[in-house]
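As the structure lists them, so they are numbered: ligands from 1, and atoms in each ligand from 1.
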Amino acid sequence: MSELVTLTKDHGIGIITINNPPVNALSPGVPEGIIAAVENAQKDSSIQGIVLIGGGRTFIAGADIKEFGKITSGQKKRDVGLQPMLEALEDCPKPVVCAIHGTAFGGGLETAMACHYRVAVPSAQLGQPEVKLGIIPGAGGTQRLPRLAGAAKAAQMCATGEPISAADALQHSLIDKIIEGELLPGAVAFAREIAGKGGPPRKTRELTAQLSDRQANLAALATVREAVRKRARGLMAPFKAIDAVEAAVMLPFTEGLKKEAELFNECLFSEQSKAQIHVFFGEREVAKIPGLPKDTPTIPIKKAAVVGAGTMGGGITMTYANAGIPVILKEASQELLDRGLERMKNNYAASVQKGRLTRQEMDQRLARIQPTLTYERFQEADIVVEAVFEEMALKKKVFAELDKATRPDAILASNTSTLDIDQIAAVTSRPQRVIGHHFFSPANVMRLLEIVRGKESGNDVIATSMALAKTLGKVGVLVGNCYGFVGNRMFHGYQREAQFLLEEGASVEQVDSALTAFGIAMGPLAVGDLAGLDVGWRIRKEHPHLTPKGERVPLVADRLCEMGRFGQKTGRGWYRYEEGSRTVLPDPEAEQLIEECARKAGIARRRIAPDEIVERTLYALINEGAKILEEGIALRAVDIDIIYINGYGFPAYRGGPMWYADTVGLKKIEERVCAFEKQHGAHWKPAALLKRLGKTGTTFADFDREKGGSTSQGLS
Ligand code: T1G
């Protein structure tokens, strides 16, 4: 028996422990070890019952995702290979009790459900998150879960991938008992009690009570399908998961298993799954900073402070309060402070109303926020995040004040979305403590934190920022300091092309619907209206040098702003909006203005196909991304993917712009970019990296591998 799995005894109860850190994944050797342990326990007459438990911080967190590449590349047969282990557990004549702590996810929950009983600690999480990897449960989860928790609950869990708590699991008969005290002794006592009762073990696959009312179950599945349809736009796996649960309602267990395996393989070999597995490992890869020693000390962040209670400042303050960190919030006037606090209270109240937060949790979070008009208590802060107006002079003034008001070891972070971190740091006496923390609106919701290293930013400040991102529930991505950093710099070209396409004949809806059909959460023009067209207008006026002389510039946006059409905030932008509504409505006045600008500029208008819209906007994004990689502003192509998926609504099932580019083929993209350069101008100059990879038939994933990173895990 390998060290991965051990069998010990406690007065007649065999204890099978899995030791495969960090998350007890069912890697090669683990299922085999469990089978051997069950066989040994079966043979041992002194053992009346068995407990299966995970060593370390969690029960089994799933099948080993790293192994999937071997299946899709044909190295391994088309099966996750867990069936023999599940049968060994379920067919064991002695009662097997599964003891759950941490996360029983995917193959982990499927293993638990093959056991005869399940107990868990109150903090345990149980779930089938496979759809987040573009697949469905492939080891009986869609057949056993409905037999325990009912078809509706099973479909909901498998289609959303969201975990449930131990309390919810108990309520839905997924577990038999919550162990309040220490898990192992509690589980052993439970097993001893069951063994004492005697009788044949309870096999999940033989349970039918939950499946008896077929019509009611089918109706419930239809309701789940409808609910999922609204959230899972463009995704394949969530619907396949419901189809598999339906097979449990319609077919005998063994037939249902076959149907599940068929649907599982359909998903696993899909482009969507490869992309989503790339994203899973990518979100872990971005946390690894080449050249930053693993043992770099991090600074404890026990108290924070935020300067500016506007939309961003308020969201950032809530993010700290939500993470349990007390936060001082400073504003320049009582009126602005009160408005900011009001907005946060309303935000929390809305979450309470939706049942996402209890009233008590709301009060606890608000109690962590300490409003102020002075820097008096800023000595207490380990980190300060500046979130004032996007204007260099103002930011420099605030940083000079913070340099005096805070402890010399405090970290000073700027939420600037475009400005030069080094210039800001230069007004302080501790540039090594200055860094960019670029949150995305709404800051308490969006998962991305773009961490901008200045040329003086210390390793400890970088390491602390990366760790803090995780504490705040964010995905932290480290980027270099240039105008717009990574996300906004790439977005500039994407927006530019969207507006050029309008001038050349596409309508506002055509541009946006081409990209939402591609899977992007919101079209570029609707995003402009949401963010406020005046933000870009002010930046263009303050930084005319950003547009190289003689280069073509978009004509309409400035005109819209001169007319006071700033977007949602003024009820008109590229679209018009009814009072208090965020629903985009076509506006003939905007279309008229576009035609007029084009006519005056002598631009011939023509019918533009959705493919061209997608190509010109996304290839502009990808080409700029390649330049950013060349300059080392982004560490890896996957970093860009994670930025766009978590900050700009790029669909995870497309893997991000750079992964998507690899699926199209860089040779084709390079050729198209060169063609656009000839047709539309120098702003399309292809990146040298794109040319190199295109010519050598290699990919951005190869580029990352060259740099020592890889998220494709052998995905071919
Ligand atoms: N397989 C392989 N590696 C895994 C893994 C897994 N299932 N889960 C985590 N890791 C690695 C991860 O890459 C990282 O590595 C390290 O463990 C720590 O993870 C048959 C087909 C459990 C909530 O989808 O959600 O079962 O970067 O940083 O934040 O039906 O990991 O250090 O080298 O995320 O504490 C279903 C995936 C699989 C759960 C812990 N299971 N994991 O979060 O740590 S499909 C999942 C998680 C399946 C069956 C199907 C999280 C976690 P490295 P971490 P964490």
>> Please list, in number order, the atoms of ligand 1 under 4.0 Å from a heavy atom of L133.
In response: 24 (O), 38 (C), 45 (S)
> Is there a protein heavy atom less than 4.0 Å away from atom 15 (O) of ligand 1?
Replying inline: no
>> Give the atom numbers and elements of ligand 1 that come within less than 4.0 Å of a heavy atom of P137.
In response: 30 (O)
> Where is the nearest protein heavy atom to atom 3 (N) of ligand 1: which residue, which atom, and how far?
Replying inline: K66 NZ, 3.6 Å
> Do NZ/NE/NH1/NH2 and the carboxylate oxygens of E90 and R205 come within less than 4.0 Å?
Replying inline: yes
>> Looking only at side-chain N and O atoms, does E260 offer a donor or acceptor that is under 3.5 Å from a partner on T142?
In response: yes
> At a 4.0 Å threshold, what atoms of ligand 1 neighbour a non-hydrogen atom of K470?
Replying inline: 28 (O), 29 (O)
> For atom 1 (N) of ligand 1, what is the nearest protein heavy atom, given as residue, atom name and distance?
Replying inline: I65 N, 2.9 Å
> Between S27 and N20, do the side chains contain an N or O donor and an N or O acceptor separated by less than 3.5 Å?
Replying inline: yes
> Using the ring of each side chain (for Trp, its six-membered ring), is H278 parallel, tilted or perpendicular to W659, with breaks at 30° and 60°?
Replying inline: parallel
> Do side-chain atoms of D382 reach the backbone of K303 as a donor and acceptor pair under 3.5 angstrom?
Replying inline: yes
>> Within ligand 1, which atoms have a heavy atom of G107 less than 4.0 Å away?
In response: 26 (O), 48 (C), 49 (C)
>> For atom 23 (C) of ligand 1, what is the closest protein heavy atom, and at what distance to 0.1 Å?
In response: F105 CE1, 3.9 Å
> ligand 1 versus E285, non-hydrogen atoms closer than 4.0 Å: side chain, backbone, both, neither?
Replying inline: neither
> Which of parallel (below 30°), tilted (30 to 60°) and perpendicular (above 60°) describes Y648 and Y644?
Replying inline: parallel
> Does Q143 use its side chain to pair, donor to acceptor, with the backbone of A244 at less than 3.5 Å?
Replying inline: yes
> If we ignore angles and hydrogens, is there a donor and acceptor under 3.5 Å between the side chains of D168 and S165?
Replying inline: no
>> Checking a contact table here: which protein heavy atom is nearest atom 40 (C) of ligand 1, and how many Å away?
In response: V23 CG1, 4.2 Å
> What's the shortest distance from atom 54 (P) of ligand 1 to any protein heavy atom, and which residue and atom give it?
Replying inline: R284 NE, 3.7 Å
>> Considering both backbone and side-chain atoms of K288, is one of its nitrogen or oxygen atoms within less than 3.5 Å of a nitrogen or oxygen in ligand 1?
In response: yes
> When you measure from atom 2 (C) of ligand 1 to every protein heavy atom, which one gives the shortest distance, and what is it?
Replying inline: D64 OD1, 3.3 Å
> Side chain, backbone, both or neither: which part of T58 has a heavy atom under 4.0 Å from ligand 1?
Replying inline: neither
> For ligand 1, which atoms have a heavy atom of F264 less than 4.0 angstrom away?
Replying inline: 21 (C)
> Can you tell me which residue and heavy atom of the protein come closest to atom 21 (C) of ligand 1, and the distance to 0.1 Å?
Replying inline: F68 CZ, 3.5 Å
> Which is closest to atom 48 (C) of ligand 1 by heavy-atom distance: E67, Q128, E130?
Replying inline: E130
> Can a salt bridge be assigned to the pair D91 and K203 using a cut-off of 4.0 Å between side-chain N and carboxylate O?
Replying inline: yes
> Will you find, in the side chains of H101 and S123, an N or O donor that is under 3.5 Å from an N or O acceptor?
Replying inline: no
>> Closer than 4.0 Å to some heavy atom of R57 - which atoms of ligand 1 meet that?
In response: 18 (C), 35 (O), 44 (O), 55 (P)
> Is there at least one protein heavy-atom neighbour under 4.0 Å from atom 43 (O) of ligand 1?
Replying inline: no
> Does Q125 approach ligand 1 within less than 4.0 angstrom via side chain, backbone, both or neither, non-hydrogen atoms only?
Replying inline: neither
>> Give the atom numbers and elements of ligand 1 that come within less than 4.0 Å of a heavy atom of T103.
In response: 22 (C)
> Based purely on interatomic distance, does G62 place a nitrogen or oxygen under 3.5 Å from a nitrogen or oxygen of ligand 1?
Replying inline: no
> Is it true that R225 and E246 have a side-chain N and a carboxylate O under 4.0 angstrom from each other?
Replying inline: yes
> Less than 3.5 Å between some nitrogen or oxygen of A61 and one of ligand 1, yes or no?
Replying inline: yes
> For G138, is at least one N or O under 3.5 Å away from an N or O on ligand 1?
Replying inline: yes
> Purely on distance, is any nitrogen or oxygen of P129 under 3.5 Å from one on ligand 1?
Replying inline: no
>> Using modelled atom types and a 3.5 Å cut-off, is there a donor and acceptor pairing between side-chain atoms of T58 and backbone atoms of T103?
In response: yes
>> Residue-level breakdown please: for A63 versus ligand 1, do any non-hydrogen atoms fall below 4.0 Å on the side chain, on the backbone, on both, or on neither?
In response: both
> With sequence neighbours excluded, what pairs up with F280 under the ring-ring contact (aromatic ring centres under 6.0 Å, His included) test?
Replying inline: none
>> Please evaluate residues E110 and R144 with respect to the criterion salt bridge (charged side-chain N to carboxylate O under 4.0 Å, His left out), reporting the C-alpha separation (whole Å), side-chain torsions for both, the decisive distance (0.1 Å), and the verdict.
In response: CA-CA 8 Å; E110 290 167 305; R144 289 192 173 87; over 6 Å; no
> Side chain or backbone of L26 under 4.0 Å from ligand 1, or both, or neither, by non-hydrogen atoms?
Replying inline: neither
> With distance as the sole test, does R118 use its side chain to make a donor-acceptor pair with the main-chain N or O of C115 at under 3.5 Å?
Replying inline: yes
>> Could you identify the single nearest non-hydrogen protein atom to atom 20 (C) of ligand 1 and state the distance to 0.1 Å?
In response: E110 OE1, 3.5 Å
> Going by atom types alone, do E283 and N646 pair a side-chain donor with an acceptor below 3.5 Å?
Replying inline: yes
> Which ligand 1 atoms does P22 reach within 4.0 Å, using its non-hydrogen atoms?
Replying inline: 16 (C), 17 (O), 18 (C)
>> Looking only at the side chains, is there a donor atom on one of T358 and E361 sitting less than 3.5 Å from an acceptor on the other?
In response: yes
